[in-house]
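Have a look at the structure below, then the notes.
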Amino acid sequence: MDYQTLKISDQGVVQRIQLYRPEANNSINSQLTIELLSALQAAEAEEVVKVIILEGLPDVFCTGMDFGEVATAQELDPKGRYNAYYDILKQMSQSSKVILSVVRGKVQAGGVGLVAASDLVIADETATFVLSELLFGLLPACVLPFLIRRVGFQKAYRLALTTQTISASEAEKWGLIDEYGSSTNQLISKYIRRLKYLPSSGVKELKNYISQLWIVQAETQDLAVNEIFRLITEPTVQEKIKRFQQEGLFPWQT
């Protein structure tokens, strides 16, 4: 596939996948969901690959849903996009490869889901995390099943309810990230030295076993996708999104 929203670099046992939509703050549009799912599935088929490093831009990891696409009604199949996003989170959590996310700068909304579904997360000191959906009358419906599994019910609920931003330091205390520091490359190297020797079959077996200890049921995807689709088609929510997209005004500023 000729990727338009990703940059992919193969380094033997390590494959780097960079989210690359600088013109849209690395927001998630339909094309990115298709390409990222395809890239993860392609890496899954490569026996030599042991670790997938997922990263964003220097100042922004991912800002979640592309409101520009929503506001201009460019999506031909919006429900399909939400299913594809959920499929990405499932692929990450079920992959036989170790998914290591490297986070710099802003992580918002659906970007938090990518972090939560990762096996390991390394951040630098500029990383911040926020679930902003409730401000617009939405819910982080697809994010929450994976976020609850990573940080626990109350912390996930608090992040969704308060819409407050947390720092890398607080995110580490919560368990949302595993380590943070000024030299992410050194932290990456420390993990890669051991992870590259793990058999992919063993990683897959571990993930399968863990998934049975903490079950995210198949029905959860239908519940999540139907809920976000129901909310985003409501006229009041559409108006808030369009105003934010056109004027940069949050709902409480109108």
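Scope of the values below: all heavy atoms of this structure, side chains included, with no hydrogens, waters or symmetry mates.
- Residues Glu239 and Lys242 are not paired through a salt bridge, judged by the lack of any N-O separation under 4.0 Å between the basic side chain and the carboxylate.
- Side-chain atoms of Leu36 and Leu54, non-hydrogen and from C-beta on, do get closer than 4.5 Å to each other.
- Pairs engaging residues 3-14 under the salt bridge (Lys or Arg N to Asp or Glu O under 4.0 Å) rule: none recorded [sequence neighbours left out].
- Pairs engaging residues 182-201 under the salt bridge (Lys or Arg N to Asp or Glu O under 4.0 Å) rule: Glu179-Lys190 [sequence neighbours left out].
- The cluster map of Ile, Leu, Val, Met, Phe, Trp and Tyr, joined by side-chain heavy atoms under 4.5 Å apart, puts Val203 and Ile52 in different clusters.
- A distance of 12.5 Å separates CZ in Phe61 from CD in Gln108, rounded to the nearest 0.5 Å.
- Linking ILVMFWY residues whenever their side-chain heavy atoms come closer than 4.5 Å, directly or via other members, places Val237 and Val143 in the same cluster.
- Under the 3.5 Å distance criterion, the side-chain polar atoms of Gln91 are left unmatched by any main-chain donor or acceptor of Gln41.
- Side chain of Arg104 to main chain of Asp59: no donor-acceptor pair is present (N/O by atom type, distance under 3.5 Å, no hydrogens or angles).
- Annotation: side chain of Leu138 is in contact with side chain of Ile241 (closest heavy-atom distance under 4.5 Å).
- For Ala224, the side-chain contact (heavy atoms from CB on, under 4.5 Å) criterion is met by Tyr86, Ala141, Cys142, not counting sequence neighbours.
- Here OG1 of Thr220 is found 11.5 Å from CG of Leu144. Values are rounded to the nearest 0.5 Å.
- When only modelled atom types and interatomic distance are considered, Asn26 and Lys106 share no side-chain donor-acceptor pair under 3.5 Å.
- Atom CD in Gln15 sits 10.0 Å away from atom CD1 in Ile53 (nearest 0.5 Å).
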Just do the side-chain contact (heavy atoms from CB on, under 4.5 Å) check on Val107 and Val130 with the steps written out, would you?
-> CA-CA 6 Å; Val107 189; Val130 61; over 6 Å; no

Listed pairs under 3.5 Å, donor-acceptor, residues 153-163 side chains, sequence neighbours left out:
{"from": "Thr162", "atom 1": "OG1", "to": "Arg158", "atom 2": "O", "distance (Å)": "2.8"}
{"from": "Thr162", "atom 1": "OG1", "to": "Gln164", "atom 2": "N", "distance (Å)": "3.3"}

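- Considering all non-hydrogen atoms of both residues, Thr126 and Gly105 come closest at OG1-N, 3.0 Å.
- Legend: residues meeting side chain to side chain donor-acceptor pair (under 3.5 Å) with Gln31, ordered by chain and number and at least two apart, are Glu35.
- In this structure, Gln212 has no side-chain contact (heavy atoms from CB on, under 4.5 Å) partners at least two apart in sequence or on a different chain.
- Residues passing the salt bridge (Lys or Arg N to Asp or Glu O under 4.0 Å) test with Asp119, sequence neighbours excluded: Lys207.
- Minimum interatomic distance between Phe146 and Ser93 (heavy atoms only, all atoms of both residues): CE2-OG, 3.8 Å.
- Note on residues 10-40: no pairs pass ring-ring contact (aromatic ring centres under 6.0 Å, His included), not counting sequence neighbours.
- The cluster map of Ile, Leu, Val, Met, Phe, Trp and Tyr, joined by side-chain heavy atoms under 4.5 Å apart, puts Leu100 and Val48 in different clusters.
- Legend: salt bridge (Lys or Arg N to Asp or Glu O under 4.0 Å) pairs involving residues 123-134, not counting sequence neighbours: none detected.
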Working for side-chain contact (heavy atoms from CB on, under 4.5 Å), residues Phe129 and Ile177 | CA-CA 10 Å; Phe129 305 83; Ile177 65 176; 3.5 Å; yes

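- Using a 4.5 Å heavy-atom threshold, the side chains of Asp66 and Ile28 count as separate.
- Contact annotation: the side chain of Tyr180 never approaches that of Val103 to less than 4.5 Å [non-hydrogen atoms, C-beta and beyond].
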side-chain contact (heavy atoms from CB on, under 4.5 Å) evaluation trace for Leu131 with Leu134 = CA-CA 8 Å; Leu131 290 180; Leu134 206 56; over 6 Å; no

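- A donor and an acceptor atom, one from each side chain of Ser30 and Glu69, are located under 3.5 Å apart.
- With a 4.5 Å cut-off on side-chain heavy atoms, Ile148 and Trp214 count as touching.
- The backbone N or O of Asn25 sits less than 3.5 Å from a side-chain atom of Thr63, completing a donor-acceptor pair.
- A donor atom on one side chain and an acceptor atom on the other are found under 3.5 Å apart for Ser118 and Ser101.
- Looking only at distances, no side-chain donor or acceptor of Ser38 sits under 3.5 Å from a matching main-chain atom of Ile34.
- If you check the side chains of Ser95 and Glu44, you find a donor sitting under 3.5 Å from an acceptor.
- Taking hydrophobic clusters as Ile, Leu, Val, Met, Phe, Trp and Tyr residues chained together by side-chain heavy-atom distances below 4.5 Å, Val49 shares a cluster with Leu37.
- Using a 4.5 Å cut-off on side-chain heavy atoms (C-beta onward), Leu32 and Arg21 make contact.
- Scored by the side-chain contact (heavy atoms from CB on, under 4.5 Å) test, Ala42 finds no partners at all (sequence neighbours excluded).
- Contact record, Leu120 with Asp178: CA-OD2, 3.2 Å, taken as the closest heavy-atom pair.
- Within the structure, every pair that satisfies the salt bridge (Lys or Arg N to Asp or Glu O under 4.0 Å) test and touches residues 87-101, not counting sequence neighbours, is listed here: Asp87-Lys90.
- Shortest non-hydrogen contact noted between Gln18 and Gly56 is NE2-O, 3.1 Å.
- In this structure, Leu147 and Val115 have side chains that are not in contact, with every pair of non-hydrogen atoms separated by 4.5 Å or more.
- Under the ring-ring contact (aromatic ring centres under 6.0 Å, His included) criterion, Phe136 pairs with Phe67, Phe244, sequence neighbours left out.
- A heavy-atom distance below 4.5 Å is found between the side chains of Ile188 and Arg16.
- Distance alone, capped at 3.5 Å, places no donor-acceptor pair between the Tyr85 side chain and the Thr33 backbone.
- Lys79 places no side-chain N or O within 3.5 Å of a backbone atom of Phe229 that could act as its donor or acceptor partner.
- The CD1 atom of Ile17 sits 10.0 Å away from the CD atom of Glu55 when rounded to the nearest 0.5 Å.
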Carefully, step by step, assess Val13 and Leu195 under the rule side-chain contact (heavy atoms from CB on, under 4.5 Å).
-> CA-CA 9 Å; Val13 298; Leu195 294 175; over 6 Å; no

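- To the nearest 0.5 Å, atoms CD1 (Ile228) and CG (Leu139) are separated by 6.5 Å.
- Contact between Ile8 and Ala39 at its shortest, heavy atoms only, is CD1-CB, 3.8 Å.
- Following chains of ILVMFWY side-chain contacts shorter than 4.5 Å, one cannot reach Leu40 starting from Val14, and the two form parts of different hydrophobic clusters.
- For the residue pair Leu114 and Ile88, the shortest heavy atom distance occurs at CD2-CG2, 3.9 Å.
- Remark: Leu206 CG to Ser96 OG distance equals 12.0 Å, nearest 0.5 Å.
- Heavy-atom contacts from other residues, nucleotides or ligands closer than 6.0 Å to CD of Glu23 number more than 12.
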